[in-house]
Amino acid sequence: MRGTILFISNAVADLGGLPSELESRGFGSLFADSTANALPLVEDAAADVVIALADLKESDAADVCSQVQETNARTPVILLSATDSSEHMLGALRAGAFDFFCFPLDVDAVELALHRALRQQELREEVSRVRTALAEGAGFEELIGVSQPMHELYDLLTRAATTTSSVVITGESGTGKELIARALHQRSKRAAGPFVALNCSAIPENLVESELFGHARGAYTDAKVARVGLFVQANGGTIFLDEIGDLPLSVQPKLLRALQERTVRPVGGNQELAFDARVISATNENLELAASEKRFREDLFYRLNVIHLHVPPLRDRTSDILLIAQHYLEHYAIFLEKPVESFSKACSDRLLAYPWPGNVRELQNCVERAVALTRDSEIQVQDLPEKIRAHKRSHILVVGDHPSDLVTMNEVESRYIVRVMQAVGGNKREAARILGFDRKTLYRKLERYNLDVPKASSRTPTT
């Protein structure tokens, strides 16, 4: 059944056979001989759409619309009338009618209006569900997600927040590791203290030690005044060391000593300064592997990695994609002062199908762009970036026996190669092993199918 229609008419015959015609097209029917008798059905949400004669004896068009909307604002009203005048039509639309038709009726046009009304209802309900889920899904400070991986992360965060142990947060770029760190700080007993952050990859090697531990006046040429380091600035709070895997090897033993002794010595200084700060680190690199390859001190790794939190990539929690997208849509709709409310069904499907290699950061960028460019109250597929519009799933599901449901072997092979390459992070040697090819064969097939696959990376998240 496509939907249930509540017809309001003094006599069924006045509807000109419309109910039986729509029933033959898959719609259900209910009948009421007056607006008063129809309202209990509207209140119980027994019908999806109301179709009413505009010239009911006891009520005019405005009264029908207002009473139905007051009873259940989600029920659209389509009005029918024998009076063919633009003034009458405009009056009905101003009264809140979803659409207006005159006798003799074009049943195809009425059916199209019903489909539009039902789709609008679905979108409103979807937005309502998403907003409810957003309120419930912000399960840990500003984090958004109701998927199983996020619930598991919330549980770990809740337990970690009660301790002062060092934490390492791992995850791909764009997953929100700093947001996790801030959430952990806000839930801890140190929430009233400072949250001090440093991106270890953004500071020149010769300045990292000074940033962390401070320096005395005259310690080097430009040190005209003494400077307090970030560890001391973070007293009573949390220090967040992002991209800890990029910390220079020359500084790592000094950081290890600081963590063991809970004191720091400023560059060029003679005195040890005590600090009381919790240390949270983050990386998208496999620190354990880096330690085994002597690119990161093993003893420092174990000192930092007392509690390990892994942030799942967005592709592993697809049930959160539309929640996060709706959150950013509402944010940018306000920021850009645009009346955008939701995503079209086709647009939502594209968002769910795309693998989001840039994770939440990429999704945020996509939604901002869509809100900025759309001319509608609903984000359409054409508002999305081209790579998202053009993306094809690497998974293939054969859902029928009709020739149009099937694809060529070349298509099957090319999509599976992409799937394997994504799974191994672009590592061609590993992909060739899984596929049963030698590397030359894999290269030829990548070239033949003109496949765009992720590049290999040495920064595999710690598991």
Side-chain angles (χ1 to χ4, degrees), residues 140 143 149-150 152-153 156-157 160-161 163-185 188 195-205 207-209 211-213 230-231 234 237-260 277-317 356-362 424-427 454-463:
F140 203 98
L143 302 177
M150 289 304 290
E152 292 172 2
L153 180 60
L156 280 173
L157 280 167
T163 76
T164 58
S165 300
S166 297
V167 176
V168 169
I169 304 171
T170 61
E172 296 176 9
S173 179
T175 50
K177 294 185 288 294
E178 182 168 347
L179 191 61
I180 297 288
R182 290 183 180 276
L184 187 55
H185 170 74
S188 73
F195 180 89
V196 179
L198 174 71
N199 187 325
C200 298
S201 66
I203 305 296
E205 182 174 347
L207 295 180
V208 172
E209 186 178 351
E211 284 290 320
L212 291 173
F213 311 132
L230 297 182
F231 271 94
T238 301
I239 182 168
F240 174 58
L241 304 177
D242 198 8
E243 302 294 352
I244 189 67
D246 292 333
L247 189 71
L249 277 169
S250 60
V251 180
Q252 290 182 24
K254 298 173 183 177
L255 175 58
L256 176 63
R257 183 180 182 279
L259 295 177
Q260 290 173 334
R278 184 183 198 173
V279 179
I280 301 177
S281 308
T283 182
N284 59 7
E285 185 171 1
N286 187 327
L287 288 184
E288 195 166 9
L289 177 62
S292 69
E293 295 175 350
K294 308 301 182 186
R295 293 183 289 109
F296 197 87
R297 288 184 64 106
E298 187 175 29
D299 46 4
L300 178 58
F301 167 70
Y302 288 118
R303 174 64 65 176
L304 293 170
N305 195 43
V306 177
I307 298 175
H308 173 219
L309 300 175
H310 181 67
V311 189
L314 196 53
R315 64 180 174 275
D316 287 350
R317 51 188 188 107
W356 300 107
N359 292 294
V360 177
R361 188 181 295 126
E362 183 182 11
V424 299
N427 187 316
K455 295 181 180 178
S457 173
S458 62
R459 295 190 168 189
T460 304
T462 303
T463 57

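All of these numbers come straight from a predicted model, not from anything done at the bench.
- In this structure, the side-chain contact (heavy atoms from CB on, under 4.5 Å) partners of Ser292, at least two apart in sequence or on a different chain, are Leu289.
- With sequence neighbours left out, the side-chain hydrogen bond (donor to acceptor under 3.5 Å, both in side chains) criterion links Thr163 to Arg278.
- Residues meeting the side-chain contact (heavy atoms from CB on, under 4.5 Å) test with Ala258, sequence neighbours left out: Phe213, Val264, Phe275.
- Arg257 is linked by a salt bridge (Lys or Arg N to Asp or Glu O under 4.0 Å) to Glu272, counting only residues two or more places apart in sequence or in another chain.
- Residues meeting the side-chain contact (heavy atoms from CB on, under 4.5 Å) test with Asp242, sequence neighbours left out: Asn199, Phe240, Ala282.
- Within a 6.0 Å sphere centred on CD of Glu298, heavy atoms belonging to other residues, nucleotides or ligands number 12 at most.
- Residues passing the salt bridge (Lys or Arg N to Asp or Glu O under 4.0 Å) test with Glu178, sequence neighbours excluded: Arg182.
- Residues passing the side-chain hydrogen bond (donor to acceptor under 3.5 Å, both in side chains) test with Ser173, sequence neighbours excluded: Arg361.
- Not a single side-chain hydrogen bond (donor to acceptor under 3.5 Å, both in side chains) links Arg303 to another residue, sequence neighbours left out.
- In this view, Ala234 and Val196, Ile239, Ala277 satisfy the side-chain contact (heavy atoms from CB on, under 4.5 Å) rule, not counting sequence neighbours.
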Acceptor/donor pairs from residues 248-255 side chains to any protein atom, 3.5 angstrom cut, sequence neighbours excluded:
| from | atom 1 | to | atom 2 | distance (Å) |
| --- | --- | --- | --- | --- |
| Gln252 | OE1 | Arg297 | N | 2.8 |
| Gln252 | NE2 | Leu247 | O | 2.9 |
| Lys254 | NZ | Glu209 | OE1 | 2.8 |
| Lys254 | NZ | Glu209 | OE2 | 3.2 |

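- With sequence neighbours left out, Thr238 forms a side-chain hydrogen bond (donor to acceptor under 3.5 Å, both in side chains) with His185.
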